[in-house]
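Presented below is the structure to which this report refers.
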2 protein chains.
Amino acid sequence: MRLTENQRCVLAALRRAKRPLGAYELLERLRSQGFSAATQIYRALEPLLEHDLVHRIESVKGYVACSCPDDCQHAHMAFTVCESCGRHDEFATEEVEDMISASLEKTGFAPASTTIELHGACPDCARRVDRSR
Amino acid sequence: MRLTENQRCVLAALRRAKRPLGAYELLERLRSQGFSAATQIYRALEPLLEHDLVHRIESVKGYVACSCPDDCQHAHMAFTVCESCGRHDEFATEEVEDMISASLEKTGFAPASTTIELHGACPDCARRVDRSR
DNA sequence: AAAAGTACGTTATAACGTTACAAAATAATC
DNA sequence: GATTATTTTGTAACGTTATAACGTACTTTT
């Protein structure tokens with residue numbers, strides 16, 4: 001996939017970020033590079049989302065760069081989001097696939113895309129809380 | 001849990017609905033019952049969400065009445081949403097729990113709440129598409 | 001170079017959600 | 001039962017997130 005200049009900017013900004021960024025947050029960070037309106041961000045995001053170079057995390061209304069290697073198949077991504085530090089991670093375990101096929105078998109529902117987001121405490125923050133007690 | 005009049009109205013409207021409703025959609029439907037501003041809807045939704053009588057489906061920015069029996073424990077709800085008819089269903093299978101505990105074991109992430117939403121074709125719509133081919 | 005397509009910037013607006021404040025209703029205390 | 005306190009309510013303004021509409025500039029193809 002060939003990226004335009006604006007798409008490269010947005011993707012780079014998301015890769016630099018340590019947590020999901022909102023579109024308007026991206027806009028602020030990219031003003032210095034000539035961006036001036038939300039539409040530009042959303043326009044750049046669209047094909048990035050389409051091609052799975054970026055994912056949207058619904059529960060925080062934010063966008064993250066995909067952390068997979070380039071040839072990743074992106075079957076059904078799942079995310080963890082730490083409530084205390086904002087850190088996010090992707091995971092795609094066997095168990096996610098199991099859950100999805102179970103839904104198909106038990107309810108007859110055929111999923112095309114999924115939103116799987118776990119909120120809680122990342123290992124570091126959990127440890128930190130533990131220590132402070 | 002004791003409900004106020006407005007909360008009862010909102011809950012009843014969601015129970016009548018066949019698909020997730022947005023807050024402003026709820027407002028339109030409840031104007032005849034005296035509702036006049038979005039804040040009334042959000043205020044009524046808040047405790048309903050808190051007590052799991054209503055769930056929010058992030059990926060469609062909509063609200064649904066909980067379909068569980070009253071004594072349900074609501075551990076980690078998951079939803080299916082049909083892309084073609086909008087119909088939604090709750091499910092809470094063993095496999096969902098397995099997936100969550102797998103995340104804990106493999107990554108050390110301790111989930112407190114989850115957003116699990118499957119988009120695709122419900123059995124009825126899948127059949128309909130099949131027939132039309 | 002003309003035509004067609006794509007990406008772009010700008011502005012406006014839609015859709016979703018929150019905050020602030022005062023009036024009304026309900027419950028608690030005397 | 002009157003008085004006070006608390007909760008719920010209506011109204012209005014505001015904040016955030018996302019899209020629509022428009023015309024221009026730049027490629028690519030022919």
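First the proteins, then the strands, lettered A, B, ... as listed; each starts at 1. Because only heavy atoms are used, hydrogens play no part in the values below, and waters and symmetry mates are left out as well, while side chains stay in.
- Within the nucleic acid shown, R56(A) comes within 4.0 Å of sugar-phosphate atoms alone, with no base atom in reach, counting heavy atoms only.
- The distance from atom CD of Q33(B) to atom C1' of dG10(D) is 16 Å, rounded to the nearest whole Å.
- The distance between atom CD1 of I41(B) and atom P of dA15(C), rounded to the nearest whole Å, is 16 Å.
- Side-chain contact, T114(B) with H76(B): a donor N or O sits under 3.5 Å from an acceptor N or O.
- Residues L45(B) and L14(B) form a side-chain contact, since some pair of their non-hydrogen atoms from C-beta on lies under 4.5 Å apart.
- Between the P atom of dC26(D) and the CD atom of E5(A) lies a distance of 15 Å, rounded to the nearest Å.
- Across C9(B) and L30(B), no two heavy atoms sit closer than the pair O-CD2, 4.1 Å.
- Rounded to an integer number of Å, the gap from CG of L21(B) to C1' of dA15(C) is 15 Å.
- Contacts of F35(B) with the nucleic acid, taken as non-hydrogen atoms under 4.0 Å apart, are absent.
- OP1 and OP2 of dT9(D) both lie 4.0 Å or more from every side-chain N or O belonging to Q40(B).
- A side-chain N or O of S59(A) and one of E117(A) form a donor-acceptor pair less than 3.5 Å apart.
- Nearer to the 5' terminus of DNA chain D, by closest-nucleotide assignment, is the contact made by S36(B) (compared with the other of S36(B) and K61(B)).
- In this structure, Y24(A) packs face-to-face on the six-membered ring of dT17(D), meeting both the 5.5 Å centre cutoff and the 30° plane limit.
- Between dT18(C), dG9(C), dT9(D), one nucleotide has an atom nearer to the side chain of Y42(B) than all others, and that is dT18(C).
- Among the nucleotides dG9(C), dA18(D), dG17(C), the one closest to the side chain of A23(B) is dG17(C).
- Looking only at atom types and distance, the side chain of Q40(A) has a donor-acceptor partner in the side chain of S36(A) under 3.5 Å away.
- The side chain of T4(B) places an N or O atom within less than 4.0 Å of a non-bridging phosphate oxygen (OP1 or OP2) of dT9(D).
- For dG17(C), the base has no donor-acceptor partner in the side chain of R43(B) [N/O atoms by modelled type, under 3.5 angstrom].
- With distances taken from any side-chain atom of T39(A) to the nucleotides dA12(C), dC8(C), dG17(C), the minimum falls on dA12(C).
- A close approach under 4.0 Å does occur between a side-chain nitrogen or oxygen of Y63(A) and OP1 or OP2 of dA18(D).
- Per the geometry, CG belonging to N6(B) stands 12 Å off P belonging to dT26(C), to the nearest Å.
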